[in-house]
2 protein chains.
Amino acid sequence: MSVQERKQRERAERERLIVATARELAEQQGWDAVTTRRLAERIEYSQPVLYSHFRGKREIIGAVALEGAAEMAAALRAATSAADDPRTRVTALARTYLEFAERNPAVYDAIFQLDGGLAFAKEDTPEPLKDAFAALLETLSEVTGDGVHPGLFTETFWAALHGLATLTRAGRLPPGDAERRVELLVDRLAMV
Amino acid sequence: MSVQERKQRERAERERLIVATARELAEQQGWDAVTTRRLAERIEYSQPVLYSHFRGKREIIGAVALEGAAEMAAALRAATSAADDPRTRVTALARTYLEFAERNPAVYDAIFQLDGGLAFAKEDTPEPLKDAFAALLETLSEVTGDGVHPGLFTETFWAALHGLATLTRAGRLPPGDAERRVELLVDRLAMV
DNA sequence: AGTCGATCCTAGCACCGCTAGACAAGTGAG
DNA sequence: CTCACTTGTCTAGCGGTGCTAGGATCGACT
């Protein structure tokens with residue numbers, strides 16, 4: 001019995017290694033550089049081993065996305081719980097969101113940009129993704145304002161943040177005024 | 001002389017054919033399906049011909065992006081010029097923007113999502129891109145509000161629209177409430 | 001009419017995601 | 001202790017990708 005357990009442990013450990021290595025490689029050189037061959041070489045196994053853990057490259061991206069979403073949710077909660085009033089919380093939320101996207105661009109892409117084969121806004125949406133949205137909802141429902149559904153408000157605010165994050169990183173927006181754009185967004189959208 | 005002219009004309013015609021075919025193929029089956037082999041087959045030339053017009057696939061995407069940006073600018077101007085007051089103009093602008101993204105997803109991706117090798121927010125940004133931003137700016141500077149730079153306001157509003165467009169199409173947002181999200185955005189961001 | 005230059009295509013490179021089938025190593029039974 | 005068998009891993013290969021070198025062909029000028 002304990003032999004089987006050991007093997008399972010080793011297998012789980014290797015799976016973590018795959019995900020961590022994929023993430024590392026993606027952050028270092030972009031997702032284009034994350035090929036099954038390079039990934040296999042880095043974990044010091046042959047290519048087919050990857051396919052005994054994941055159905056394909058998509059699923060590996062999906063695994064990185066889930067891990068990242070959990071981290072993001074934690075970061076958002078940590079930032080908002082340190083603030084006293086709703087207004088400060090929203091600002092902290094927005095800043096933390098954009099900072100996460102900037103510091104973990106590959107992970108952010110895995111979550112929101114790439115196809116990781118994950119379901120969104122459905123019943124079978126994985127827990128970490130639902131939880132990340134919940135973290136946004138918790139703070140934003142305080143400043144939704146009258147006559148607006150908090151979920152709808154959260155979606156809209158989130159979309160604005162997502163737009164800022166992606167356009168900035170893609171070089172579509174001048175990076176200097178990021179902070180002032182956040183202030184504008186919070187000033188106008190949040191009803192405090 | 002006229003022989004050379006004829007050849008130049010034919011060459012330009014073929015270049016238009018390449019761009020149009022790439023766009024068509026991308027809208028039909030997605031950019032992943034736009035391979036140099038398939039593209040060459042559709043225009044009934046061999047692969048290397050593509051490389052006598054464009055440096056590579058990136059530049060073809062870039063060409064589609066420029067064409068699309070010009071169309072988008074025209075669509076935005078047409079929609080806003082048909083509205084009387086600033087408030088109606090902003091709503092029309094937002095709706096038209098999102099409609100363009102929804103009806104031409106591949107073109108939208110070429111402009112804002114994919115790497116077409118284009119410069120943004122710099123001096124050497126191609127004219128159609130600058131003009132599309134100008135079209136946004138024209139309408140949005142009317143509703144910027146006091147103490148805010150119109151350019152900054154336009155960037156922020158644009159980012160919000162971009163977020164809505166991409167998240168909706170990627171299945172990250174439930175598609176039903178799109179209109180209500182637009183109303184919320186206009187209500188809060190535009191100072192009328 | 002013959003040369004010469006432009007134009008286009010065939011063939012191929014190195015790489016991609018993914019998989020079939022050979023092979024070795026570890027397990028349990030006799 | 002030996003031997004069959006299962007489990008795990010690897011080598012090799014398939015069809016695809018973007019891109020390019022080098023040869024063939026065809027038209028224009030001398």
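In what follows, chains are A, B, ... by sequence order, proteins preceding strands, each numbered from 1.
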How many whole angstroms separate atom [atom1] of [X] from atom [atom2] of [N]?
X: Leu39(B); N: dG16(D); atom1: CG; atom2: C1'; answer: 16 Å
X: Glu41(B); N: dG18(D); atom1: CD; atom2: P; answer: 13 Å
X: Leu114(B); N: dG18(D); atom1: CG; atom2: P; answer: 13 Å
X: Glu59(B); N: dG18(D); atom1: CD; atom2: P; answer: 15 Å
X: Ile18(B); N: dC8(C); atom1: CD1; atom2: P; answer: 10 Å
X: His53(A); N: dG8(D); atom1: NE2; atom2: C1'; answer: 10 Å
X: Glu44(A); N: dT9(D); atom1: CD; atom2: P; answer: 14 Å
X: Leu50(A); N: dG8(D); atom1: CG; atom2: C1'; answer: 15 Å

Can [X] and [Y] be counted as an ion pair, charged N to O under 4.0 angstrom?
X: Glu71(A); Y: Arg103(A); result: no
X: Lys130(A); Y: Asp124(A); result: no
X: Arg38(A); Y: Glu41(A); result: no

Treat primed atoms plus P, OP1 and OP2 as sugar-phosphate and everything else as base, then score nucleotides 17-22 of chain C 5' to 3': B for base contact with protein heavy atoms under 4.0 Å, S for sugar-phosphate contact only, - for none.
BBBB--

Whether Thr168(A) side chain and Ala165(A) backbone form a donor-acceptor pair below 3.5 Å:
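Flag not set: sc Thr168(A) to bb Ala165(A) has no pair under 3.5 Å.
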
Looking at Arg14(A), I'd like to know whether one of its side-chain N or O atoms comes within less than 4.0 Å of OP1 or OP2 on dT9(D).
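Yes, because at least one side-chain N or O of Arg14(A) sits under 4.0 Å from OP1 or OP2 of dT9(D).
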
Identify whether any heavy atom of Arg11(B) sits under 4.0 Å from a base atom; if not, whether one sits that close to sugar-phosphate; answer base, sugar-phosphate or nothing.
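If one applies the 4.0 Å heavy-atom cut-off, Arg11(B) turns out to touch nothing in the nucleic acid.
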
Applying ring pair (Phe, Tyr, Trp, His ring centres under 6.0 Å) as the test, list every pair that has at least one member in residues 102-122 of chain A; sequence neighbours left out.
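Sorted pair list: Tyr97(A)-Tyr108(A), Tyr108(A)-Phe112(A), Tyr108(A)-His162(A), Phe112(A)-Trp158(A), Phe112(A)-His162(A).
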
Atom of Pro105(A), atom of Glu27(A) and distance for their closest heavy-atom approach
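Smallest interatomic distance, heavy atoms only, reads CD-OE1, 3.3 Å.
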
